[in-house]
Asker: 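Structure incoming, see below.
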Amino acid sequence: MTTFFCMRHGQTDWNQDKRIQGQTDTELNDKGREMAHQWGKSLADNHFDCILSSGLCRAVQTAEIINEYLGGIPHHIAVGLQEQDWGQWTGKTAAELGEIRNQVKKQEKRGFEFQPPNGESRDEVLMRTCDALLEFSEDCPEDSVLVITHNGVLKCLTYALSGLEFLPHEKSPIKPYHIHRIECFENELALGEINMEL
């Protein structure tokens, strides 16, 4: 069984500004780097065989800083772990999304079919994320893997594995900046434990 310990990258300026990053390749800000160092210290006593991260800079930087405390274990990149492509809504702030509230609410009611104009659907994000984890587990069937990815990816995974439909009335199963254990056995993913403290 491959065990994935999945977490979000550290803070960026766009996070701080409540601006949608999507696949924009933003870097960690000072707070984000500080967060990554604290996580590294917290995780230092755990055993991980390797790190798997999104290829976007904020995830790679988070992984590299944490890895300073893990002794420089192998670090792999999976394109399938990138954040959702938000298409025409990329770069918009929460306030700007509020100005097109009707469009946003209409999409939110679609659950996993939520799809910004010219962007990806949540269902597409879920499928490529699952494919990335399952493919990695084939090569590392017994490994304990630290995964650094994005909030949208984590939500898609945990909503789906919790049997939720990602509808507006459903409460998010995950808390910000926690770590979540996902297990892969016989080519299937299952939730282990979510919202573990970092």
Side-chain angles (χ1 to χ4, degrees), residues 1-12 14-15 21-28 32-85 120 122-161 174 176-196 198:
M1 179 175 70
T2 307
T3 306
F4 296 104
F5 292 88
C6 305
M7 58 182 288
R8 184 185 185 182
H9 60 81
Q11 188 186 85
T12 69
W14 283 37
N15 290 142
Q21 293 174 106
Q23 295 183 0
T24 305
D25 207 10
T26 53
E27 297 187 358
L28 297 181
R33 286 187 285 273
E34 179 185 330
M35 293 166 76
H37 280 288
Q38 288 301 318
W39 294 335
K41 292 172 186 176
S42 297
L43 293 169
D45 292 335
N46 293 270
H47 170 75
F48 299 106
D49 294 291
C50 60
I51 299 176
L52 181 65
S53 79
S54 154
L56 293 176
C57 187
R58 55 193 184 269
V60 172
Q61 288 179 325
T62 301
E64 289 176 343
I65 291 171
I66 291 174
N67 205 10
E68 293 174 17
Y69 299 86
L70 300 181
I73 59 177
H75 176 194
H76 307 278
I77 302 293
V79 175
L81 296 179
Q82 290 190 128
E83 182 59 289
Q84 181 175 6
D85 181 353
E120 271 184 302
R122 288 170 175 162
D123 193 53
E124 289 172 324
V125 176
L126 175 64
M127 291 302 102
R128 63 169 165 79
T129 300
C130 288
D131 286 346
L133 295 179
L134 291 171
E135 182 178 338
F136 194 81
S137 71
E138 290 179 4
D139 295 328
C140 306
E142 303 294 331
D143 281 6
S144 177
V145 184
L146 180 63
V147 177
I148 313 294
T149 183
H150 305 270
N151 193 46
V153 169
L154 292 172
K155 281 189 169 184
C156 285
L157 268 176
T158 55
Y159 268 89
L161 295 177
I174 60 172
Y177 300 116
H178 283 64
I179 194 163
H180 319 287
R181 190 177 80 245
I182 295 174
E183 297 166 349
C184 181
F185 182 68
E186 294 185 347
N187 209 39
E188 288 193 8
L189 297 172
L191 276 185
E193 184 178 355
I194 60 174
N195 298 322
M196 295 184 288
L198 274 162

Asker: Starting at NE2 of His37, measure out to OG of Ser42 and round the result to the nearest 0.5 Å.
Answerer: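 Reported value, rounded in 0.5 Å steps: 13.0 Å.
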Asker: Just so I know, are the side chains of Leu28 and Gln11 near enough to count as touching, which here means a heavy-atom distance under 4.5 Å?
Answerer: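 Leu28 vs Gln11: side chains apart.
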Asker: What are the two closest non-hydrogen atoms of Gly22 and Leu56, and how far apart are they?
Answerer: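 Scanning both residues completely, I find the closest heavy atoms to be O-CD1, 4.0 Å.
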Asker: How many angstroms lie between CG in Leu134 and CG in Leu189, if you round to the nearest 0.5 Å?
Answerer: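 Going from the CG atom of Leu134 to the CG atom of Leu189 covers 4.5 Å.
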Asker: Is there side-chain contact between Leu52 and Leu133, with at least one heavy-atom pair below 4.5 Å?
Answerer: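 Yes - at least one pair of side-chain heavy atoms lies under 4.5 Å apart.
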Asker: Taking the side chain as C-beta and beyond, is there a heavy-atom pair between Met35 and His9 under 4.5 Å?
Answerer: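 With C-beta onward as the side chain, the pair stays apart.
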Asker: Do the side chain of Arg181 and the main chain of Thr3 share a donor and acceptor less than 3.5 angstrom apart?
Answerer: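 No; zero donor-acceptor contacts below 3.5 Å.
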Asker: Return yes if some donor-acceptor pair links the side-chain N/O of Thr2 with the main-chain N/O of Cys184 below 3.5 Å, else return no.
Answerer: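 Checked: no pair found.
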Asker: Restricting to non-hydrogen atoms, name the atom on Ala63 and the atom on Ser53 that form the minimum distance, rounded to 0.1 Å.
Answerer: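 Residues Ala63 and Ser53, closest heavy atoms: CB-CB, 4.2 Å.
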Asker: I need the single residue from Ile77, Asn67, Thr62, Val145 that forms a side chain to side chain contact (heavy atoms under 4.5 Å, CB included) with Ile51. Which is it?
Answerer: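 When Ile77, Asn67, Thr62, Val145 are each tested with Ile51, the side chain to side chain contact (heavy atoms under 4.5 Å, CB included) holds only for Asn67.
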Asker: Once side chain to side chain donor-acceptor pair (under 3.5 Å) is applied, do any residues pair with Gln61, and if so which ones, sequence neighbours excluded?
Answerer: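 Once residues adjacent in sequence are excluded, Gln61 has no partner under the side chain to side chain donor-acceptor pair (under 3.5 Å) criterion.
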Asker: Hey, does Leu161 have a side-chain heavy atom less than 4.5 Å from the side chain of His180?
Answerer: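 His180 vs Leu161: side chains apart.
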Asker: Which heavy atom in Trp39 sits nearest to a heavy atom in Arg8, and how many Å separate them?
Answerer: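 Between these two residues, the closest heavy atoms are CZ3-O, 3.6 Å.
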Asker: Could you give the distance from OH (Tyr69) to CG (Asn46), rounded to the nearest 0.5 Å?
Answerer: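 It comes to 15.0 Å.
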Asker: Once you round to the nearest 0.5 Å, how far does OG1 of Thr158 lie from CD1 of Ile182?
Answerer: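 It comes to 7.0 Å.
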Asker: Mind checking the CD-SG spacing from Glu124 to Cys156? Nearest 0.5 Å is all I need.
Answerer: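 Nearest 0.5 Å value for the CD-SG distance: 10.5 Å.
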Asker: Rounded to the nearest 0.5 Å, what's the gap from NE2 on His150 to NZ on Lys155? Could you check?
Answerer: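 Between His150 NE2 and Lys155 NZ, I get 15.0 Å after rounding to 0.5 Å.
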Asker: May I ask you to test the Leu146-Leu70 pair for a side-chain heavy-atom distance under 4.5 Å?
Answerer: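 When only atoms from C-beta onward are counted, Leu70 and Leu146 do touch, with a gap below 4.5 Å.
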Asker: Locate the shortest heavy-atom distance separating Ser54 from Val60; write the atom from each residue and the value.
Answerer: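 For Ser54 versus Val60, the nearest heavy atoms are O-CG2, 3.4 Å.
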Asker: Would you call the rings of Phe48 and Phe5 parallel, tilted or perpendicular, taking 30° and 60° as the class edges?
Answerer: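 Answer is perpendicular, since the angle exceeds 60°.
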Asker: Under a 3.5 Å distance rule, please check whether His178 uses its side chain to pair with a backbone N or O of Pro176 as donor and acceptor.
Answerer: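 Between the backbone of Pro176 and the side chain of His178 there is a qualifying donor-acceptor contact (under 3.5 Å).
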Asker: Only counting residues at least two apart or in another chain, list the ones meeting side chain to side chain donor-acceptor pair (under 3.5 Å) with Thr26.
Answerer: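 Gln21, Arg58.
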Asker: Does anything in residues 128-143 form a side chain to side chain donor-acceptor pair (under 3.5 Å)? List the pairs, not counting sequence neighbours.
Answerer: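 Only Glu120-Arg128 qualify under side chain to side chain donor-acceptor pair (under 3.5 Å).
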Asker: Looking only at side-chain N and O atoms, does Asp45 offer a donor or acceptor that is under 3.5 Å from a partner on His47?
Answerer: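 Note: His47 and Asp45 side chains miss the donor-acceptor criterion.
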Asker: Side-chain contact test, heavy atoms from C-beta onward, threshold under 4.5 Å: evaluate it for Met7 versus Ile66 and give yes or no.
Answerer: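 In short, these two side chains touch, coming nearer than 4.5 Å.
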Asker: Where is the tightest heavy-atom contact between Ala59 and Ile148, given as atom of each residue plus distance?
Answerer: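 Looks like O-CG2, 3.6 Å.
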Asker: Stepwise, does the side chain to side chain contact (heavy atoms under 4.5 Å, CB included) test hold for Asp49 with Ile73?
Answerer: CA-CA 7 Å; Asp49 294 291; Ile73 59 177; over 6 Å; no
Asker: Is the backbone of Gly152 close enough, under 3.5 Å, to the side chain of Glu83 for a donor and an acceptor to pair up by distance?
Answerer: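 Yes.
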